[in-house]
Amino acid sequence: MVKLIIDTDTGADDAIGLLMAAAHPGAEIVAVTTVAGNVPLDQATTNAGWSLHVAGVSDVPIFIGCDGPLVRPLETATEVHGADGLGDTNFGPSPIGPQHEHAATALVRLAVEHDGEAVLIALGPLTNLAVALAIDPLLLTRFSHTVIMGGAPDMVGNVSDMAEFNIWVDPEAAAKVFDAPGRKTMVGWNVAMSAAQVSRQARAQMAQLGTAAGRFAHDVTAVVEKFCAAELGLDFFALPDPIAVAIALDPSIVTRDQAIGIKVGLGDEARGATFPTWLTPDARATTIVWEADADAFSAQMFAALRRLD
Ligand code: RIB
Ligand code: CA
């Protein structure tokens, strides 16, 4: 059984990723940590509670983390995911109360408690991970694997020309994470756009599954579908966090990858850019996912939405 710790800024795609992790027969979510990103921290925490409630795992502890980047003001993405981050479904107060321990100390503690066996999946800005690394610089060596949704290794960004949102929001935190020793995989925006597209028909199929998870996934993606059509002229939207979860659970979905260093842009022009570099020692390299199997991802996602009722 793979033990998962998921750090999330709980927008619509994070929520579907949480459902997929909860539904996977070979995985167990042992903790969720929340961070400000798509929405302010309180909303991200509430959304994590609703996602775990819909997934039927209301006993998973939620640890609240950082309410903004290390040194920059918070930039949210409510225009993409809705004011509440979940497609303006406005579910109301969280059905799960958070723990009192800070996410950063929880990450440090849980890594040790699970004795190097847990997998850490980061689905938002990397602020919590950076603070946890300040406490324990070897943190990522105490997880078996850290899978990061973030970055744009092909320099095709979503929040700026060359930067992806999670890295752009807190580039200083991301730089600390990519420089840290430990097995890391970066699932970037390139993978979301090439292997995790959801068409209007596929979104409708979510609701037609007749399950609570299918209806939830359909409803929370209402705003992102409209945003992509109206603002980007796209007849689909991408699900970056779910494919990061899918790859963490089944690495065979990856069809092409490369181990290399990642340098993060910190200046104004290149803020949040993720530059592949050979100038990083192998021990601190990150596996960049270049290509993944779209059909395998879709099959895993729909199997999860079908399973949770
Ligand atoms: O750029 C996509 C990422 O930013 C996803 O994790 C999405 O949820 C937002 O956090
Ligand atoms: Ca996210």
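Counting starts at 1 for both ligands and their atoms, following the listed order. Computed from a predicted model, the values in this text were never measured in an experiment.
- Shown here are the protein N/O/S atoms lying under 3.0 Å from the Ca ion (ligand 2), water excluded: Asp9 OD1, Asp14 OD1, Asp14 OD2, Leu123 O, Asp241 OD2.
- Other members of the hydrophobic cluster containing Leu41, listed by chain and number, are Ile64; membership follows side-chain contacts under 4.5 Å among ILVMFWY residues, whether direct or relayed.
- Salt bridge present: Glu28 and Lys3 bring a charged side-chain N and a carboxylate O closer than 4.0 Å.
- Proximity to Leu123 (heavy-atom distance under 4.0 Å) selects the following atoms of ligand 1: 6 (O), 10 (O).
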Glu172 vs Lys176, test: salt bridge (Lys or Arg N to Asp or Glu O under 4.0 Å). Steps then yes/no. CA-CA 7 Å; Glu172 284 77 16; Lys176 293 179 186 303; over 6 Å; no

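- From the protein, the heavy atom lying nearest to atom 6 (O) of ligand 1 is Asp241 OD1, 2.6 Å.
- Counting atoms of ligand 1 from 1 in the listed order, those under 4.0 Å from a heavy atom of Asn166 are 3 (C), 4 (O), 5 (C), 6 (O), 9 (C), 10 (O).
- Pairs engaging residues 235-255 under the salt bridge (charged side-chain N to carboxylate O under 4.0 Å, His left out) rule: none recorded [sequence neighbours left out].
- Of all atoms in ligand 1, listed by their number and element, those nearer than 4.0 Å to a heavy atom of Asp14 are 8 (O).
- Residues Leu4 and Leu249 have side chains in contact (heavy-atom distance under 4.5 Å, counting atoms from C-beta outward).
- For Pro125, no nitrogen or oxygen atom sits less than 3.5 Å from a nitrogen or oxygen atom of ligand 1, counting backbone and side chain alike.
- Looking at Asp136 and Arg142, a side-chain N of the basic residue comes within less than 4.0 Å of a carboxylate O on the acidic one, giving a salt bridge.
- Remark: Phe297 pairs with no residue by the ring-ring contact (aromatic ring centres under 6.0 Å, His included) rule, at least two apart or across chains.
- With rounding to the nearest 0.5 Å, the separation of CD1 in Ile148 from CD1 in Ile247 is 12.5 Å.
- Heavy atoms of Asn158 found under 4.0 angstrom from ligand 1 belong exclusively to the side chain.
- A heavy-atom distance below 4.5 Å is found between the side chains of Leu70 and Val131.
- Among all non-hydrogen protein atoms, the one lying nearest atom 8 (O) of ligand 1 is Asp13 OD1, 2.6 Å.
- Contact atoms of ligand 1 toward Asp9: 10 (O) (distance under 4.0 Å to a heavy atom of the residue).
- From the protein, the heavy atom lying nearest to atom 9 (C) of ligand 1 is Asn38 OD1, 3.1 Å.
- Close to ligand 1: Pro240, with a non-hydrogen atom less than 4.0 angstrom away.
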Does Asp170 form a side-chain hydrogen bond (donor to acceptor under 3.5 Å, both in side chains) with Thr127? I'd like the steps, not just the answer. CA-CA 7 Å; Asp170 197 344; Thr127 318; 2.7 Å; yes

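- Between Glu231 and Lys226, no side-chain nitrogen of the basic residue sits less than 4.0 Å from a carboxylate oxygen of the acidic one, so the salt-bridge criterion is not met.
- Among all non-hydrogen protein atoms, the one lying nearest atom 2 (C) of ligand 1 is Glu164 OE2, 3.3 Å.
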